[in-house]
Amino acid sequence: MITKIIAHRGASKLAPENTMYAFELGYKLGAEGIETDVQLTKDNIPVLIHDETVKRTTSGTGYVKDYTYEELSKLDAGSWFSPEFRNARIITLEEFLVWIKPKDLYINIELKNNKIDYKNLESIVYNMLKTHRLLERTTLSTFNPNSVKRLVTYQNNIEIAFLTSKKYPNLVEYARKLGANALHVKYRLVNQQLMEQAYEKNMPVRVYTVNKYKPMMHCFNQGCDGIFTDVPYKALTFRKVFQYKKKL
Ligand code: G3P
Ligand code: MG
């Protein structure tokens, strides 16, 4: 088992997160998967942006849900990061799927519905993945337990991850009861007990956000299925070091 290196919001240390620049760079640098965040516009278009508001990562203000996609697509989503990215735009989930389809990349779509529980987000995203025939290599994840429960109706052909940064007496059991078949957890939750419990239930464990050497090594040692990292190039190098040491 080899820990997959997944570009978190794309190669988000080098390019503005969740934009084509960050995805393209993640791919070119050798990442094995891409994680991205999805929210819903006023006209029900799934778009890739981390925050519920556009303030931090674009030239605009206000909530994503109050913009039509047409309005949203005019915002500059790159200058906040660096002036050379001023042409970056918020893209739709559909554009992303068209881009990723011919590439050999694992996909993680995080439904950002824990603060605003967007109506029908689950079915809109699911149906789009189905149309593009991308269900088999995609994990849908969410911090929202109710959303996991709603996703369970599609369980037979999609991986559903419960996302959490919180400690539970028995996280694996809790996630299983919701209906999740994978776990995406914050780094500090990873330990041998969790890994053993998850392994026993056949649940992959992926870890966020792993940017530094020590946590990377910890995840490799624990046999995590994947790490979400802003620095995929660095993680790929460290994984080589880890594999080399293991052979000594
Ligand atoms: O999906 C893993 C990770 O992205 C969850 O946290 O806030 O970076 O979206 P966040
Ligand atoms: Mg995310």
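Counting starts at 1 for both ligands and their atoms, following the listed order.
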(request) Could you label the plane-to-plane angle of the Tyr154 and Tyr126 rings as parallel, tilted or perpendicular, counting under 30° as parallel and over 60° as perpendicular? (result) parallel
(request) Would you check whether His184 reaches within less than 4.0 Å of ligand 1, judged by its heavy atoms? (result) no
(request) Heavy-atom contacts with Arg9 under 4.0 Å: which atoms of ligand 1 show up? List them by number with element. (result) 7 (O), 8 (O), 10 (P)
(request) Report yes or no: is the cationic atom of Lys177 (NZ for Lys, CZ for Arg) closer than 6.0 Å to the six-membered ring centre of Tyr174, at no more than 45° off its axis? (result) no
(request) Tell me, yes or no, whether the heavy-atom count around Arg188 atom CZ, taken from other residues, nucleotides or ligands under 6.0 Å, exceeds 12. (result) yes
(message) Any salt bridge linking Glu84 with Arg86? Criterion: basic side-chain nitrogen under 4.0 Å from a carboxylate oxygen.
(response) no
(request) State plainly whether the residues Arg150 and Asp117 are in salt-bridge range, i.e. N to O under 4.0 Å. (result) yes
(request) Taking only heavy atoms of Lys112 into account, list the atoms of ligand 1 that are under 4.0 Å away from them. (result) 7 (O), 9 (O), 10 (P)
(message) Under 4.0 Å between a side-chain nitrogen and a carboxylate oxygen: does that hold for Glu32 and Arg239?
(response) yes
(request) Answer yes or no: is there an ion pair linking Glu159 with Arg206, defined by an N-O contact shorter than 4.0 Å? (result) yes
(request) Go through ligand 1 atom by atom and flag the ones less than 4.0 Å from a non-hydrogen atom of Asp37. (result) 9 (O)
(message) Check this for me: does any side-chain nitrogen of one of Arg56 and Asp51 sit under 4.0 Å from a carboxylate oxygen of the other?
(response) yes
(message) Short of 2.8 Å from the Mg ion (ligand 2), name each protein N/O/S atom, waters not counted.
(response) Glu35 OE2, Asp37 OD1, Glu110 OE1
(request) On the 0 to 90° scale, with breaks at 30° and 60°, tag the Phe162-Tyr168 ring pair as parallel, tilted or perpendicular. (result) perpendicular
(request) Give the single entry among Arg206, Glu17, Glu35 that approaches atom 2 (C) of ligand 1 most closely by any heavy atom. (result) Glu35
(request) Going by heavy-atom distance to atom 7 (O) of ligand 1, choose the closest among His50, Lys186, Glu110. (result) His50
